[in-house]
Amino acid sequence: MIDIPRNIAVFGAGYIGLVTGACFAQLGHRVVVRDIQPERIRMLHSGEVPFFEPGLGDLIAQNKERLSFTLDAREALRDAEAVYVCVDTPPTASGDADLSRIWSVVDALEATSPLVAVVVKSTVPVGTGARVRAALDEAGLGHVGYASNPEFTAEGRAVEDFLHPDRVVIGASDEATAHWVRDLYDGIGAPVEIMDVASAEMVKLASNALLATKITFINEIAAVCEATGADIRRVSRAVGMDHRLGPHFLHAGLGYGGSCFPKDTRALRAMASNSGYPFQLLNAVIEVNELQPRRAVQRLKEELGGLRGRRVALLGLTFKPGTDDMREAPSAVIASRLLAEGAEVTGWDPMGRPGPVEPWTSVTRHASPLEAVTGADAAIVVTEWPELRAADWPTAARRMRRPLLFDGRNLLDPATLSQAGFTYMSVGRATRPTA
Ligand SMILES: NC(=O)C1=CN([C@@H]2O[C@H](COP(=O)(O)OP(=O)(O)OC[C@H]3O[C@@H](n4cnc5c(N)ncnc54)[C@H](O)[C@@H]3O)[C@@H](O)[C@H]2O)C=CC1
Ligand SMILES: O=C(O)[C@H]1O[C@H](OP(=O)(O)OP(=O)(O)OC[C@H]2O[C@@H](n3ccc(=O)[nH]c3=O)[C@H](O)[C@@H]2O)[C@H](O)[C@@H](O)[C@@H]1O
């Protein structure tokens, strides 16, 4: 527990805002979370969490004495000593981050509240903090500190990541604000890195870009494995045993998706270009990642001798397991490509709920993997849900028109699938021995 409980107003009740609010309340602070979506606030008032995040519902329930929710900015700000900005920063048509929601929070701040610090947790381009600082000064809030405190949690383990981070990064223009923000994290035994605002903003973009680069690197090695007869599973495992490289983010698959890597890599590229530096490595990372799900569809097309009139089952639709988040999921690209080639597409996912938009309105959803593959000419493991490891593959093979399985996440054991009667294809491994 912290020594000095503070009053914190969190703006944004999304993945990051709710986790931040609930975790600060768990540390002992008094937190008001404000959102502009009435439905979100209504759900939170009635004890529901608007999306799935493990442990979040329990944490909110345990801390309800110190955690409240409102639609009203004034109510949130009335006693706030810290304002945490956790609003979304989606990409614009140019790839730059859209900061309009950040500005609407800054514009709502008032000189009358007992505010000590405005802290931006949303991911923003370098230079945003300097602009917000200038706006605060102009609004008569020159006495209020400003800090950048980027977030590194991953969906599906966000509560755990927030409470046990590798590091806390705080960028502030003055030492007093940096230390004041650091003290909010008392009770979390993680290293705290204090720096200037611009550097803190860059740490976030650089971290996501490097993680995305690692994934793309291993996906390119996987493509070379397919062509040469090496096996990516063995390669990435042994490469990752070098402590200088590490085993993480070396899992070849169908490309990275989600609300952050695609958005943040494009935002960093746009920011570099705007500053006159063409970030060539990042260009390649983005391009290779966009090709990755298309390559899988192309390999399937070659194996089936065309996709027109074929039925293909997508097993898993979310951008990764452990979440209901469908944002920038590779499944959408795969479904769209299959439909464009004239295939019929079925799908299964234990949690993802695609909205009533294309390609999903053209995809028949089923309640189990077995139902989804029945009558299909091929199945693709798109998301590595653990349920798929336990599926009854011999029965699935019998129910399919043609037992062909493309393991897009290297989830399953090739020998077991072959024994079950499948032709087994996967990312980073030739389908048949190379000559
Ligand atoms: N989702 C993730 O795992 C991570 C996200 N981030 C960054 O955190 C930021 C937020 O991301 P998410 O939580 O995923 O977004 P989200 O879209 O789930 O949530 C954003 C929330 O802000 C609300 N909002 C918009 N304008 C508002 C305003 N003026 N006042 C109050 N609320 C307002 C929206 O209604 C929405 O509920 C983004 O910049 C993202 O890049 C950083 C690390 C991890
Ligand atoms: O800025 C953010 O929003 C967050 O983005 C990612 O978190 P997240 O998008 O939730 O999910 P990850 O687990 O990183 O996976 C992202 C994508 O990469 C893919 N991936 C991941 C790892 C890997 O080895 N291979 C691979 O293809 C996943 O399937 C998924 O599509 C980062 O991991 C977080 O540190 C960061 O805070």
Side-chain angles (χ1 to χ4, degrees), residues 9-21 32-41 43-44 50-51 53 69-73 76-77 83-91 97-109 120-125 128 149-158 161-162 165-166 204-205 207-212 214-219 222 236 240 246-265 267 289 292-293 316 318-323 325-331 382-384 408-410 427:
V10 173
F11 278 66
Y15 285 87
I16 287 305
L18 272 187
V19 168
T20 300
V32 184
V33 181
R34 188 252 173 162
D35 206 285
I36 51 171
Q37 294 185 48
E39 179 58 12
R40 286 215 153 172
I41 297 301
M43 288 178 82
L44 289 161
F51 47 82
E53 187 59 46
F69 307 100
T70 183
L71 276 170
D72 185 347
L77 290 171
V83 164
Y84 259 81
V85 184
C86 300
V87 296
D88 40 328
T89 49
D98 177 355
L99 300 180
S100 56
R101 294 154 186 81
I102 301 260
W103 289 116
S104 71
V105 177
V106 172
D107 291 344
L109 301 177
V120 168
K121 209 171 234 325
S122 300
T123 304
V124 294
T128 304
N149 174 209
E151 188 48 63
F152 302 97
T153 53
E155 282 175 30
R157 41 170 302 129
D161 282 352
F162 192 100
D166 290 342
K204 175 63 197 173
L205 294 172
S207 301
N208 272 3
L210 187 52
L211 291 169
K214 252 186 126 176
I215 297 169
T216 291
F217 180 84
I218 207 67
N219 282 340
S236 56
H248 305 291
F249 285 75
L250 283 183
H251 200 93
L254 296 169
Y256 58 77
S259 67
C260 288
F261 285 172
K263 161 176 88 68
D264 293 345
T265 46
N289 195 64
Q292 197 66 4
T318 51
F319 84 99
K320 67 173 189 179
T323 177
D325 198 342
M326 294 288 304
R327 292 181 282 182
E328 299 248 13
S331 60
V382 182
T383 314
E384 63 274 40
R409 297 289 175 182
N410 283 312
V427 174

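If you read the sequence from its start, that first residue is 1, and numbering goes on from there. Remember, it's 1-based here, ligands and their atoms both numbered in the order they're listed. Since we're looking at a predicted model, the values are computed, not measured.
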Identify the closest protein heavy atom to [atom]: which residue and atom is it, and at what distance?
atom                    : result
atom 25 (C) of ligand 1 : D88 OD1, 3.6 Å
atom 23 (C) of ligand 1 : D35 OD2, 3.2 Å
atom 22 (C) of ligand 2 : F249 CD2, 3.5 Å
atom 8 (P) of ligand 2  : K320 NZ, 3.8 Å
atom 2 (C) of ligand 1  : E155 OE2, 3.7 Å
atom 30 (N) of ligand 1 : R34 NH1, 3.2 Å
atom 20 (N) of ligand 2 : I215 CD1, 3.4 Å
atom 8 (O) of ligand 1  : I16 CG1, 3.5 Å
atom 28 (C) of ligand 1 : I36 CG2, 3.7 Å
atom 42 (C) of ligand 1 : T123 OG1, 3.6 Å
atom 40 (C) of ligand 1 : K263 NZ, 3.8 Å

Would you mind listing which atoms of ligand 1 come within a distance below 4.0 Å of any non-hydrogen atom of [X]?
X    : result
G12  : 21 (C), 22 (O), 23 (C), 31 (C), 32 (N)
Y15  : 1 (N), 13 (O), 14 (O), 18 (O)
T153 : 3 (O), 44 (C)
G14  : 13 (O), 16 (P), 18 (O), 19 (O), 21 (C), 37 (O)
Q37  : 34 (C), 35 (O), 36 (C), 37 (O)

Residue pair R409, T383: steps toward the side-chain contact (heavy atoms from CB on, under 4.5 Å) verdict: CA-CA 7 Å; R409 297 289 175 182; T383 314; 5.6 Å; no

To the closest 0.5 Å, what do you measure between [atom1] ([X]) and [atom2] ([Y])?
X    : Y    : atom1 : atom2 : value
L211 : T216 : CG    : OG1   : 11.0 Å
I16  : C260 : CD1   : SG    : 7.0 Å
D35  : L71  : CG    : CG    : 7.5 Å
D72  : R34  : CG    : CZ    : 7.5 Å
D88  : L99  : CG    : CG    : 11.0 Å
F261 : N208 : CZ    : CG    : 5.0 Å

C260 near ligand 2 by a heavy-atom separation under 4.0 Å: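 In this structure, C260 qualifies as a contact of ligand 2 - some heavy atom is under 4.0 Å.
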
F51/R40 under side-chain contact (heavy atoms from CB on, under 4.5 Å): CA gap, chis, key distance, verdict: CA-CA 10 Å; F51 47 82; R40 286 215 153 172; 4.2 Å; yes

Would you mind listing which atoms of ligand 2 come within a distance below 4.0 Å of any non-hydrogen atom of [X]?
X    : result
R409 : 27 (O), 29 (O)
F152 : 34 (C), 35 (O), 36 (C), 37 (O)
A154 : 7 (O), 10 (O), 33 (O)
K204 : 1 (O), 2 (C), 36 (C), 37 (O)
E155 : 10 (O)

Heavy-atom distance under 4.5 Å between the side chains of [X] and [Y], does that happen here?
X    : Y    : result
P50  : E39  : no
N149 : Y84  : yes
E328 : K263 : no

T20 vs F162, side-chain contact (heavy atoms from CB on, under 4.5 Å): CA-CA, chis, key distance, verdict: CA-CA 7 Å; T20 300; F162 192 100; 3.8 Å; yes

Return a yes/no value for [X]: is any of its N or O atoms, backbone included, closer than 3.5 angstrom to an N or O of ligand 2?
X    : value
F319 : yes
S259 : no
G257 : yes
Y256 : no

Looking only at heavy atoms, which two atoms of [X] and [Y] are closest? And how far apart?
X    : Y    : value
T89  : S122 : CG2-CB, 3.9 Å
P262 : Y256 : N-CE1, 3.8 Å
I41  : T70  : CD1-O, 3.5 Å
G21  : V10  : CA-CG2, 4.1 Å
F319 : R327 : CB-O, 3.9 Å
S207 : F152 : OG-CE2, 3.8 Å

R327 to ligand 1, any heavy atom closer than 4.0 Å: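 Yes.
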
Region of C260 that comes within reach of ligand 1 [heavy atoms, distance under 4.0 Å]: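 Only the side chain of C260 comes within reach of ligand 1.
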
From T89, V10, V87 - option closest to atom 9 (C) of ligand 1 by heavy atom: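 Shortest heavy-atom distance from atom 9 (C) of ligand 1: V87.
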
Option whose closest heavy atom lies nearest to atom 29 (N) of ligand 1, chosen from P90, S104, A76, A158: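 The option holding the nearest heavy atom is S104.
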
For ligand 2, does [X] get within less than 4.0 Å through its side chain, its backbone, both, or neither, judged by non-hydrogen atoms?
X    : result
T153 : backbone
H251 : both
N208 : side chain
E151 : backbone

Heteroatom proximity flag, K204 to ligand 1, N/O under 3.5 Å: no

Contact check: E151 vs ligand 1, nitrogen or oxygen atoms, below 3.5 angstrom: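 No; the residue has no nitrogen or oxygen that sits under 3.5 Å from a nitrogen or oxygen of the ligand.
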
Test side-chain contact (heavy atoms from CB on, under 4.5 Å) applied to Q292 and V427, step by step: CA-CA 10 Å; Q292 197 66 4; V427 174; 4.0 Å; yes

Exceeds 12 heavy-atom contacts within 6.0 angstrom, atom CG of D166: no

